[in-house]
There are 2 protein chains.
Amino acid sequence: MRKSGGRNSGNATRSGALARRMLGVPMKFGEDTEIYGEGEPVEYAYEVEKGAIRTVKVLTDGRRKIGGFYFAGDIFGLEDGTDHDLSAETVGPATVRVIKRQTLIQLAADDRKFAEELLAIAMSDVGRAHRHALMLIMTAHERVKAFFVEMAQRIAIGDLVQLPMSRQDIADHLGLTIETVSRTITALAGTSTLALPSSRLIVLRNRSALMRGAGAEFEAGGH
Amino acid sequence: MRKSGGRNSGNATRSGALARRMLGVPMKFGEDTEIYGEGEPVEYAYEVEKGAIRTVKVLTDGRRKIGGFYFAGDIFGLEDGTDHDLSAETVGPATVRVIKRQTLIQLAADDRKFAEELLAIAMSDVGRAHRHALMLIMTAHERVKAFFVEMAQRIAIGDLVQLPMSRQDIADHLGLTIETVSRTITALAGTSTLALPSSRLIVLRNRSALMRGAGAEFEAGGH
DNA sequence: CGACGCCTTGATAAATGTCAAACGTCGTGG
DNA sequence: CCACGACGTTTGACATTTATCAAGGCGTCG
């Protein structure tokens with residue numbers, strides 16, 4: 001379904017809770033590669049070391065939903081229940097630290113500080129999921145703006161955002177069609193809110209215009 | 001904004017992680033009463049003992065979003081960060097167990113089993129938020145159906161669902177207008193998928209028709 | 001009995017999705 | 001080195017869904 005430029009996103013290797021402790025085994029994955037599938041048992045937790053990951057759910061009628069994107073330093077795959085609710089795939093080539101869920105729980109039991117950190121990660125995931133849900137009740141323009149605000153916070157280098165994901169991925173994350181996303185981005189470029197040297201390269205020209213109406217409360221809490 | 005019949009939802013007192021351990025102080029609240037406000041510091045965690053709670057966010061332009069509903073046995077208020085992202089209000093008169101967040105963390109540190117349970121609660125919240133987000137990308141009909149499927153799982157007594165919340169609450173939870181919700185419910189009653197003896201009383205007449213297309217994956221995982 | 005709030009229903013407008021085609025970029029092969 | 005082809009993206013015309021505006025019904029409580 002994809003091929004795209006093998007250009008991988010420029011976000012540097014940020015270290016997260018696992019990397020700092022040298023936990024887990026780094027594994028490399030190619031582009032558009034499944035790391036775990038929907039319905040598979042939850043056995044591991046993962047931390048992105050390099051690249052980007054998306055969690056995906058495909059409905060029976062073919063519609064696709066992207067639960068979230070994970071970048072360097074982010075942890076994913078932490079779910080309750082026995083089976084994964086969504087599958088996880090690489091957006092581009094990526095390196096991921098893998099650790100047994102059971103090991104993680106064990107470590108948490110032995111190390112109180114780590115336990116708190118783990119709980120904090122789970123709770124911040126709750127916050128992220130809530131913000132995502134909040135975003136989905138807004139208009140198409142607001143959703144797209146909110147998406148860029150989030151990307152600005154998470155993967156911007158200065159005013160530059162190098163998008164690792166396709167328009168289709170963005171659309172599936174925002175619950176919109178690719179056409180609506182494309183039109184909205186064009187409109188934002190028209191008002192000089194942002195500029196796009198290429199479709200995957202976004203320059204933030206006016207952050208306050210971007211924030212305006214884009215949830216208006218995405219700065220608070222900053223996760 | 002509300003007055004409604006003081007009829008409180010019939011769901012019995014289910015006990016959750018706190019009540020089972022006799023933790024926290026039970027407090028009574030009247031209808032439509034704020035338990036904590038958006039922006040307030042996160043100091044306590046809460047468990048519903050009786051009644052129903054909604055978490056609310058009001059956007060600057062007046063739009064209202066309901067993050068979720070919590071019923072007997074459910075825990076809410078567990079957030080990371082220092083401030084609440086959404087406020088919490090009673091839907092009808094309710095009893096809520098209140099416990100200091102710090103106490104909870106302390107307990108978790110001492111009791112490994114409890115720590116795991118706490119982590120599981122946070123993770124299941126993530127799951128719920130994801131399902132909510134998933135629901136929000138579907139059509140109005142599907143969202144309403146999914147809502148009733150969820151209610152059927154969470155507060156049904158047999159085939160009877162006694163809704164504690166107003167149409168407006170449902171609309172704000174589903175990201176729809178009250179009119180669209182109303183029309184959709186009428187349509188579902190028209191196809192005998194459900195019957196409504198009164199606006200707050202729903203009889204599930206055809207669960208499979210309700211599930212059909214309503215996410216189709218809401219049974220799996222059952223939280 | 002009357003008023004108020006909630007819910008439903010109807011007519012119309014606006015937003016977004018669908019279908020279709022053209023454009024640009026990039027990699028491949030002549 | 002250039003031409004072609006594939007794919008992702010953009011743009012356009014039109015259909016559909018949902019929101020908005022407006023009014024009426026219905027039950028509940030004072």
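Each chain gets a letter, A, B and so on, in the order its sequence line appears, and its residues count up from 1.
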Between [N] ([atom2]) and [X] ([atom1]): distance, integer Å:
X: B/M165; N: C/dC7; atom1: CE; atom2: P; answer: 11 Å
X: A/L174; N: C/dG17; atom1: CG; atom2: C1'; answer: 15 Å
X: B/L196; N: D/dG25; atom1: CG; atom2: P; answer: 19 Å
X: B/I178; N: C/dT9; atom1: CD1; atom2: P; answer: 13 Å
X: B/Q168; N: D/dT20; atom1: CD; atom2: P; answer: 11 Å
X: A/R63; N: C/dT18; atom1: CZ; atom2: C1'; answer: 14 Å
X: B/R167; N: D/dC26; atom1: CZ; atom2: C1'; answer: 13 Å
X: B/D169; N: C/dG5; atom1: CG; atom2: P; answer: 16 Å

Overall bend - the helix from C/dC1-D/dG30 to C/dG30-D/dC1, comparing terminal axes fitted on five pairs, nearest 10 degrees: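 Roughly 30°, once rounded to the nearest ten degrees.
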
Shortest non-hydrogen contact between B/M165 and B/F71, atoms and distance: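 Heavy-atom minimum between the residues: CE-CZ, 4.1 Å.
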
Backbone N/O of B/I66 and side chain of B/H173: donor-acceptor pair under 3.5 Å: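 Yes; judged by distance alone, with no hydrogens or angles, the pair exists.
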
Main-chain N/O of A/G30 paired to A/T90 side chain as donor or acceptor, under 3.5 Å: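 A pair under 3.5 Å: yes.
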
Side-chain donor/acceptor of A/E179 to base of C/dC19, under 3.5 Å: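 Under the 3.5 Å cut-off, the side chain and the base do form a donor-acceptor pair.
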
Reading 5' to 3' through nucleotides 13-19 of chain D, protein heavy-atom contacts under 4.0 Å coded B for base, S for sugar-phosphate only, - for none: B----SS

Contacts of A/A17 that satisfy side-chain contact (heavy atoms from CB on, under 4.5 Å) - sequence neighbours left out: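 Testing A/A17 for side-chain contact (heavy atoms from CB on, under 4.5 Å), a comparison that skips the adjacent residues, returns A/R20, A/R21, A/E47, A/I75, A/E117, A/I121.
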
Separation between CG of A/D85 and CG of B/L134, rounded to the nearest 0.5 Å: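 Going from the CG atom of A/D85 to the CG atom of B/L134 covers 8.5 Å.
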
Given B/Y46, B/Y44, B/F29, the one that forms ring pair (Phe, Tyr, Trp, His ring centres under 6.0 Å) with B/Y36: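 Per the ring pair (Phe, Tyr, Trp, His ring centres under 6.0 Å) rule, the option paired with B/Y36 is B/Y46, out of B/Y46, B/Y44, B/F29.
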
B/T184: side-chain hydrogen bond (donor to acceptor under 3.5 Å, both in side chains) partners, not counting sequence neighbours: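 B/T184 satisfies side-chain hydrogen bond (donor to acceptor under 3.5 Å, both in side chains) with no residue once adjacent residues are dropped.
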
Sequence-distant partners of B/S182, side-chain hydrogen bond (donor to acceptor under 3.5 Å, both in side chains), two or more places apart: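 Listed in chain order: nothing, the list is empty.
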
Touch class at under 4.0 angstrom, heavy-atom based, for A/S182 against every strand present: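 Base, at least one base heavy atom under 4.0 Å.
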
For A/R97, all residues meeting salt bridge (Lys or Arg N to Asp or Glu O under 4.0 Å), sequence neighbours excluded: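 Salt bridge (Lys or Arg N to Asp or Glu O under 4.0 Å) list for A/R97, sorted by chain: A/E49.
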
